[in-house]
Student: 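The structure's right below; bear with me while I get my questions together.
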Amino acid sequence: MTPRSTLAGAAAVLAAVSLAGLVPSASGQAAHAGHTMTADAGRPTTSTASIRIVDDPERKELAVILGPIDLPARSSHHMAQLPVQEGSIPFDLTIRGYRTHIIDGEGRPVPRLVLHHMNLLDPGRRELFLPIMLRVLAASHETPPLSLPGWLFGIPMKGGSRFLALTMLHNPTEVDYEDVTVHLTLEYERLAHLPVYPVAPFHLDAMYPEVSTTKAWDLPPGHSVKTWDASPAIRGLIIGLGGHLHAHASRLRFENLSTGEVLYDIQPRLDEEGRVVDIPALVYRGRGVGVLVVPEHRYRITVEYLNPFDSVIEDGGMGSIAGAFIPLEDLPAANPRAALFSADYDWVLRSQVEHGAVREGGR
């Protein structure tokens, strides 16, 4: 495999997995009774009671372990969930791959389909297009293991930096599982001068700058369009893009308004019922390393839907783009006092509490 084809593969996988479990959509969430962890004024807080971090230096793997928690049979993702957990990176590293697995209290494998989604967030760094927490990694039961040459590709993380980890679980099986733990294994490198291409993920959502509620909107009958415009915080090279849409979507577009250049323009493949079957990912090949984005330019995400019914589809619309980019400058540190950052931070914690935070320790 050539360096260019490896980089292209990395971009495609990053674009796909970064959409696998976006922090969380609250569509259809209902509050549940449970142990709610709150600070003053009823504000939710993170926890450290249900997280372990285990390093295996020989294998160069860092395990982030969440739990335990019980999963009753036939339970939906509206069951009680673990509160958002907080940890820290033990040393400077570059993430070059990751995978997930799930076990019960006896060490027996639990079917991966119980993993609705899992997210790793960096509250010390901001997103490229919006001053909210950086979404580092996401996974669902459908996400395959990712492993790439550490000399070429990786996501840098500073030793001592905080991260947030959350998981949403359900159990559609007929079996009760007790004392379940979710394991996120990070493959890493520690070489100071590698990788050749430090890479960061990024997201854009058509509902931005709204960050404190579900990213879904009502779809009126017929054709409708939603857009959001923004400029990146720094210069960077986009190397891959992918998208997320709901049923009856007709188009997803990302363009540079300042130059007219179209970076991504796709029509999703739908089944006979209008449900999304496939959303093409885009990898930039043959154009240098990637496509340059700059703070001086304005960029737009456009989402189009075609509702075939005569009535409104409540919360029927959703549209976002995720991708991988090579930063040409350091991403600015997050500003916790900024209104958008604070709203996003609170929403991430509160959305987990609204599912009913479980009393930590498994029961």
Side-chain angles (χ1 to χ4, degrees), residues 18-34 36 44 74-81 113 115-117 119 130 132 135 138 140-142 166-172 203-230 242-254 266-279 300-322 340 343-357:
S18 57
L19 283 158
L22 295 179
V23 172
S25 165
S27 178
Q29 287 184 3
H32 292 259
T36 57
R74 300 177 299 280
S75 54
S76 76
H77 65 275
H78 295 298
M79 61 174 276
Q81 302 289 338
L113 57 81
L115 181 62
H116 188 276
H117 66 255
N119 297 88
L130 201 65
I132 61 175
R135 274 61 174 164
S140 71
H141 69 273
E142 300 161 326
L166 64 91
T167 184
M168 188 171 291
L169 301 170
H170 63 158
N171 183 8
H203 291 91
L204 299 100
D205 196 288
M207 282 290 283
Y208 283 166
E210 176 57 63
V211 295
S212 58
T213 185
T214 173
K215 303 303 185 295
W217 65 88
D218 294 346
L219 287 180
H223 180 253
S224 60
V225 179
K226 185 170 286 292
T227 66
W228 181 67
D229 303 349
H244 175 73
L245 296 163
H246 280 190
H248 310 299
S250 58
R251 192 178 190 185
L252 180 60
R253 180 182 173 97
F254 182 46
I266 61 95
Q267 294 180 328
R269 186 161 62 92
L270 308 178
D271 64 16
E272 293 180 354
E273 309 253 334
R275 293 170 297 203
V276 175
V277 174
D278 179 60
I279 299 174
R300 171 175 291 173
I301 176 176
T302 301
V303 183
E304 299 186 31
Y305 276 82
L306 189 58
N307 176 1
F309 304 108
D310 294 330
S311 58
V312 171
I313 303 176
E314 294 185 6
D315 288 338
M318 187 172 281
S320 58
I321 287 173
L340 278 175
D344 176 59
Y345 189 92
D346 286 355
W347 170 244
V348 170
L349 271 58
R350 194 175 301 281
S351 62
Q352 202 77 347
V353 170
E354 286 178 355
H355 275 80

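Side chains are part of it too, since the values below use all heavy atoms of this structure and drop only hydrogens, waters and symmetry mates. This structure is a prediction, so every number in the text was calculated from the model and none was measured.
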Student: Do the side chains of Thr167 and Leu115 get nearer than 4.5 Å, heavy atoms only?
Tutor: yes

Student: Any side-chain heavy atom of Gln81 sitting closer than 4.5 Å to one from Leu169?
Tutor: yes

Student: Can you find a heavy atom in the side chain of Ile313 that is under 4.5 Å from one in the side chain of Trp217?
Tutor: no

Student: Mind checking what makes side-chain contact (heavy atoms from CB on, under 4.5 Å) contact with Leu270, not counting sequence neighbours?
Tutor: Pro268, Val276

Student: To the nearest 0.5 Å, what is the distance between OG (Ser76) and CE (Met168)?
Tutor: 10.0 Å

Student: What residue among Tyr208, Trp347, Tyr345 forms side chain to side chain contact (heavy atoms under 4.5 Å, CB included) with Ile132?
Tutor: Tyr208

Student: So how far is it from Ile301 CD1 to Trp228 CH2, rounded to the nearest 0.5 Å?
Tutor: 8.5 Å

Student: Measuring from atom NE2 of His170 to atom NE2 of His141, what distance do you get when rounded to the nearest 0.5 angstrom?
Tutor: 6.5 Å

Student: Would you give the length of the straight line joining atom NE2 of His248 to atom CZ of Arg275, rounded to the nearest 0.5 angstrom?
Tutor: 9.5 Å

Student: For the pair Tyr305 (side chain) and Met318 (backbone), establish whether a donor and an acceptor sit closer than 3.5 Å, ignoring hydrogens and angles.
Tutor: yes

Student: Working note: Arg135 + Asp344, criterion salt bridge (Lys or Arg N to Asp or Glu O under 4.0 Å); need CA distance, chi angles, decisive distance, verdict.
Tutor: CA-CA 11 Å; Arg135 274 61 174 164; Asp344 176 59; 2.8 Å; yes

Student: Of all heavy-atom pairs between Ala216 and Met207, which one has the smallest distance, and what is that distance?
Tutor: O-CE, 4.0 Å

Student: Any sub-3.5 Å donor-acceptor pair from Asp218's side-chain atoms to Asp315's backbone N or O?
Tutor: yes

Student: Looking at Ala247 and Leu219, what are the two nearest heavy atoms and their distance?
Tutor: O-CD1, 4.4 Å

Student: Might you point out which heavy atoms bring Leu340 and Pro209 nearest each other, and give the distance in Å?
Tutor: CD2-O, 3.2 Å

Student: With the side chain counted from C-beta on, respond yes when Thr302 and Leu252 share a heavy-atom pair under 4.5 Å apart, and no when they do not.
Tutor: no

Student: Grab the two heavy atoms, one from Leu113 and one from Pro172, that are nearest each other, plus how far apart they are.
Tutor: CD1-CG, 3.2 Å

Student: Hey, could you give me the OG/CG distance between Ser75 and Asn171, rounded to the nearest 0.5 Å?
Tutor: 4.5 Å

Student: Give the C-alpha distance, both sets of side-chain angles, the deciding distance and a yes or no for side chain to side chain contact (heavy atoms under 4.5 Å, CB included) between Ile279 and Ile266.
Tutor: CA-CA 8 Å; Ile279 299 174; Ile266 61 95; 3.7 Å; yes

Student: Can you confirm whether Leu204 sits close enough to Ser320 that some side-chain heavy atom of one is under 4.5 Å from a side-chain heavy atom of the other?
Tutor: no

Student: Can you name the salt bridge (Lys or Arg N to Asp or Glu O under 4.0 Å) partners of Asp229, sequence neighbours left out?
Tutor: Arg300

Student: Look only at the side chain of Asn307 and the backbone of Pro220, and say whether a donor-acceptor pair between them is shorter than 3.5 Å.
Tutor: yes

Student: Can you find a heavy atom in the side chain of Leu166 that is under 4.5 Å from one in the side chain of Val348?
Tutor: yes

Student: So does Asp278 have more than 12 non-hydrogen atoms from other groups sitting under 6.0 Å from CG?
Tutor: yes

Student: Just to verify, what does Arg251 make a side-chain contact (heavy atoms from CB on, under 4.5 Å) with, not counting sequence neighbours?
Tutor: Arg253, Asp265, Glu304

